[in-house]
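Everything on this sheet refers to the single structure shown next.
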Amino acid sequence: MMDESYCIPDSASSSDAYWLLLQVLSLIPLWHYLLLAAFLLLSVLYNFLQLHFFQDLFSGFPGSPVLLSYNTSSQIYHAVVSQCEVLRSRYFATPWLCSPNLQTLFLNYFGRPPLVKYARELFRTADGGTIALDWVFSSHVSDDVASEDESIPIVVVIPGLTSDSSSQYIKHLAYHTAKRGWNVVVCNHRGFGGVSITSDISYNAGWTEDVRAVVNYLHKERSKAPLFVVGTSIGANILVKYLGEDGENIPVAGAVAVCSPWDLLIEDRYLRRGRVQKIYDKALAFALQDYAKLHQSHFSRNANWEGIEKSLSVRDFDDHATRVVAKYESVDTFYRRCSSSTYVQSVSVPLLCINALDDPICTTEAIPWDECKANKNIVLATLKHGGHLAFFEGLTASHIWWVRAVNEFLGVLHSSKYMHVHEKDFSTKNSIGLVNSSSLNANVTEDGMLTAPNNDPKTMWKKHI
């Protein structure tokens with residue numbers, strides 16, 4: 001029963017109570033408040049950056065298991081992937097990079113790449129475009145490889161959206177692949193690597209003609225060397241689309257797609273939805289603007305230059321530049337037609353796909369799980385952590401996990417009987433021609449844009465390998 005003496009205090013007594021409370025709070029030392037504020041700030045930052053340090057700490061740093069999705073009758077899994085120790089073990093992220101965002105930012109601003117020097121070839125395509133091919137030869141990083149061996153496998157690398165051979169993760173892949181005894185060539189996108197855009201066509205997320213031309217050329221010139229292709233991010237989307245378009249009629253022995261966005265329409269919505277993703281979206285848009293400014297004459301002539309300058313997102317840039325140059329009716333039409341997810345069922349070569357479930361740029365919503373499982377040629381490897389193209393491991397973050405996984409997979413595939421063999425007589429008619437080759441120690445990061453010269457020297461293979 002309520003005490004009859006109880007009564008609601010009047011405004012005066014309420015003011016006295018608040019004043020008394022303030023006096024009590026003032027007795028608490030200031031550093032206690034500062035400590036509380038710091039704790040709250042760190043809590044917000046911890047969640048914003050998606051840190052998982054305490055979860056890892058309390059569970060004893062168990063690492064991330066590799067979830068493999070595949071067709072139950074897949075020989076690529078049973079005979080190749082099942083023999084790969086890296087893919088059958090766990091990924092242990094660098095403890096102080098216990099966040100997909102920290103991983104991704106560290107990759108782009110630090111990366112700790114090995115020292116790599118490229119030999120350059122410039123190629124002219126049938127439409128007049130120029131492609132910079134940057135080589136790392138196994139004989140120049142390993143003493144155990146015979147330079148005249150024409151059967152040494154070649155790995156063709158397709159970089160991401162605004163990446164080229166100078167990007168940190170590309171250097172990691174190129175160096176460690178060459179160190180294992182293989183030759184590597186980075187197929188830079190048009191306008192990247194210090195090369196001018198020399199035709200009215202520039203690359204986009206669905207432009208497969210350049211990689212097709214390069215692979216065809218290499219197959220013709222080095223018929224004894226198995227060709228493997230590794231695509232990263234947008235390069236992975238281009239790769240899978242290319243594999244699906246050409247099916248069996250393709251001179252590729254095997255491939256790996258790392259951190260592919262898969263469905264560009266879903267990816268676009270993902271980047272515009274989350275707070276963290278909007279930051280990445282703007283950063284990518286600014287990088288695309290820088291790319292456009294390097295080739296202003298091309299984009300001002302073939303696209304909406306005023307719109308490009310005002311672009312605040314990837315979608316804005318694609319609306320004013322990419323889809324206009326590529327002649328798509330709308331941005332959504334461009335995204336739908338260029339998404340690699342619709343080509344997965346047609347892939348006819350052994351393909352390993354790697355994605356991180358915490359990738360802050362490429363959402364898991366776009367991964368075509370069922371389509372990958374339905375194709376006997378594909379094995380999909382997903383990890384709980386890793387960020388976008390990062391996957392740093394070790395206390396010093398000097399190594400990238402997916403680079404080890406790629407090299408082991410391609411090595412086991414090469415030694416197996418399950419490489420894809422292109423049996424048809426192959427022709428590179430009207431596809432690509434060699435324009436120029438640099439000296440062996442050419443540095444592709446030199447200042448200044450390169451244009452395709454008029455001379456047409458013979459292939460550099462016999463000169464440099």
Side-chain angles (χ1 to χ4, degrees), residues 66-71 76 100 104 157-163 169 189 203-208 211 229-247 255-274 277 280-281 284 314-315 318 322-323 326 328 331-391 402 405-406 409:
V66 182
L67 174 62
L68 298 172
S69 302
Y70 54 91
N71 190 291
I76 304 304
T104 304
V157 180
I158 313 173
L161 182 64
T162 57
S163 301
Y169 70 92
H189 301 299
Y203 97 100
N204 60 62
W207 181 253
T208 58
V211 64
V229 187
V230 178
T232 58
S233 194
I234 284 296
N237 186 80
I238 294 173
L239 168 62
V240 176
K241 184 171 180 284
Y242 159 59
L243 297 178
E245 287 173 344
D246 288 23
V256 184
V258 185
C259 294
S260 174
W262 294 107
D263 190 311
L264 303 180
L265 194 60
I266 295 177
E267 176 66 17
D268 168 57
R269 293 169 179 169
Y270 176 68
L271 286 177
R272 292 186 290 140
R273 187 172 64 214
Q277 281 63 47
Y280 286 109
D281 194 15
L284 289 171
V314 174
R315 184 183 181 85
D318 287 339
T322 311
R323 68 98 183 169
Y328 287 98
V331 180
D332 283 357
T333 300
F334 163 62
Y335 289 158
R336 286 192 180 96
R337 293 183 183 176
C338 292
S339 295
S340 61
S341 57
T342 59
Y343 294 86
V344 171
Q345 71 275 8
S346 301
V347 173
S348 299
V349 307
L351 173 65
L352 172 67
C353 304
I354 299 174
N355 280 87
L357 300 181
D358 66 353
D359 192 322
I361 296 178
C362 297
T363 174
T364 58
E365 298 171 17
I367 297 177
W369 302 89
D370 291 342
E371 291 87 342
C372 288
K373 289 181 180 179
N375 191 324
K376 297 179 182 180
N377 298 302
I378 297 177
V379 174
L380 172 63
T382 53
L383 292 84
K384 185 178 181 180
H385 301 304
H388 186 68
L389 293 174
F391 296 85
W402 67 261
V406 166
F409 169 76

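- Rounding to the nearest 0.5 Å gives a distance of 10.5 Å between NZ of Lys373 and CG of Asn71.
- Atom CD1 of residue Ile354 and atom CG of residue Leu389 lie 10.5 Å apart, to the nearest 0.5 angstrom.
- Here the closest non-hydrogen pair linking Ile361 and His388 is CD1-CD2, 3.8 Å.
- Below 30°, between 30° and 60°, or above 60°: for Tyr328 and Phe334 the angle between ring planes is between 30° and 60°, a tilted geometry.
- With hydrogens and angles ignored, the 3.5 Å screen pairs no side-chain donor or acceptor of Asn377 with any backbone N or O of Leu351.
- Thr232 is not listed as a side-chain neighbour of Ser163, based on a closest heavy-atom distance of 4.5 Å or more.
- Under the ring pair (Phe, Tyr, Trp, His ring centres under 6.0 Å) criterion, Tyr169 pairs with no residue at all, not counting sequence neighbours.
- Here the shortest heavy-atom pairing between Pro360 and Tyr270 reads O-CE2, 3.7 Å.
- You'll find the side chain of Asp268 reaches within 4.5 Å of the side chain of Tyr335, heavy atoms only.
- One N or O on the side chain of Thr104 and one on the backbone of Pro100 form a donor-acceptor pair closer than 3.5 Å.
- If you take SG on Cys338 and CG on Asp263, they are separated by 11.5 Å, rounding to the nearest 0.5 Å.
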### Task
Assess whether side chain to side chain contact (heavy atoms under 4.5 Å, CB included) is satisfied between Leu352 and Val406, documenting all intermediate values.
CA-CA 8 Å; Leu352 172 67; Val406 166; 5.5 Å; no
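- At least one donor-acceptor pair closer than 3.5 Å links the side chain of Ser339 to the backbone N or O of Leu264.
- Counting heavy atoms from C-beta outward, Val256 and Phe409 have side chains that approach closer than 4.5 Å.
- Put simply, the side chain of Trp402 never gets that close to the backbone of Val258: no donor and acceptor are under 3.5 Å apart.
- Among all heavy-atom pairs drawn from Asn375 and Val344, the shortest one is ND2-O, 2.9 Å.
- Of all heavy-atom pairs between Ser346 and Gly244, the closest is CB-O, 3.3 Å.
- Taking the side chain as every heavy atom from C-beta outward, Ile158 and Val230 never approach each other to under 4.5 Å.
- Under the 4.5 Å side-chain criterion, counting only non-hydrogen atoms from C-beta, Tyr203 is in contact with Leu161.
- Checking side-chain atoms of His385 against main-chain N and O of Ala356 turns up no donor-acceptor pair under 3.5 Å.
- Between Arg272 and Asp281, some side-chain heavy-atom pair lies under the 4.5 Å cut-off.
- In this structure the side chain of Thr382 reaches within 4.5 angstrom of the side chain of Trp369, judged on heavy atoms.
- Note that CG of Asp358 and CG of Leu383 are 9.0 Å apart. Values are rounded to the nearest 0.5 Å.
- Applying the salt bridge (charged side-chain N to carboxylate O under 4.0 Å, His left out) test to every pair with at least one member in residues 231-246, sequence neighbours left out, gives these pairs: Arg212-Glu245, Arg212-Asp246, Lys241-Glu245.
- To the nearest 0.5 Å, atoms SG (Cys353) and CD1 (Ile367) are separated by 9.5 Å.
- When all heavy atoms of Asn355 and Phe391 are compared, the closest pair comes out as C-CZ, 4.4 Å.
- Side-chain atoms of Ser260 come within 3.5 Å of backbone atoms of Trp262 as a donor-acceptor pair (strictly under, hydrogens ignored).
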The test is side chain to side chain contact (heavy atoms under 4.5 Å, CB included); show your working for Ser341 and Glu371 and say whether it passes.
CA-CA 8 Å; Ser341 57; Glu371 291 87 342; over 6 Å; no
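- The pair Asp318-Arg323 does not meet the salt-bridge criterion, since no charged nitrogen lies less than 4.0 angstrom from a carboxylate oxygen.
- For the residue pair Asn237 / Ser340, a side-chain donor-acceptor distance below 3.5 Å is found, with atom types taken as modelled.
- At least one side-chain heavy atom of His189 sits under 4.5 Å from a side-chain heavy atom of Pro159.
- Ion pairing between Glu267 and Arg315 fails under the 4.0 Å rule for side-chain N and carboxylate O.
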Next on the checklist: side chain to side chain contact (heavy atoms under 4.5 Å, CB included), that's the test. Do Leu68 and Val379 meet it? Break it down for me.
Outcome noted: CA-CA 7 Å; Leu68 298 172; Val379 174; 4.2 Å; yes
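- Rounding to the nearest 0.5 Å gives a distance of 8.0 Å between CD of Gln277 and OG1 of Thr363.
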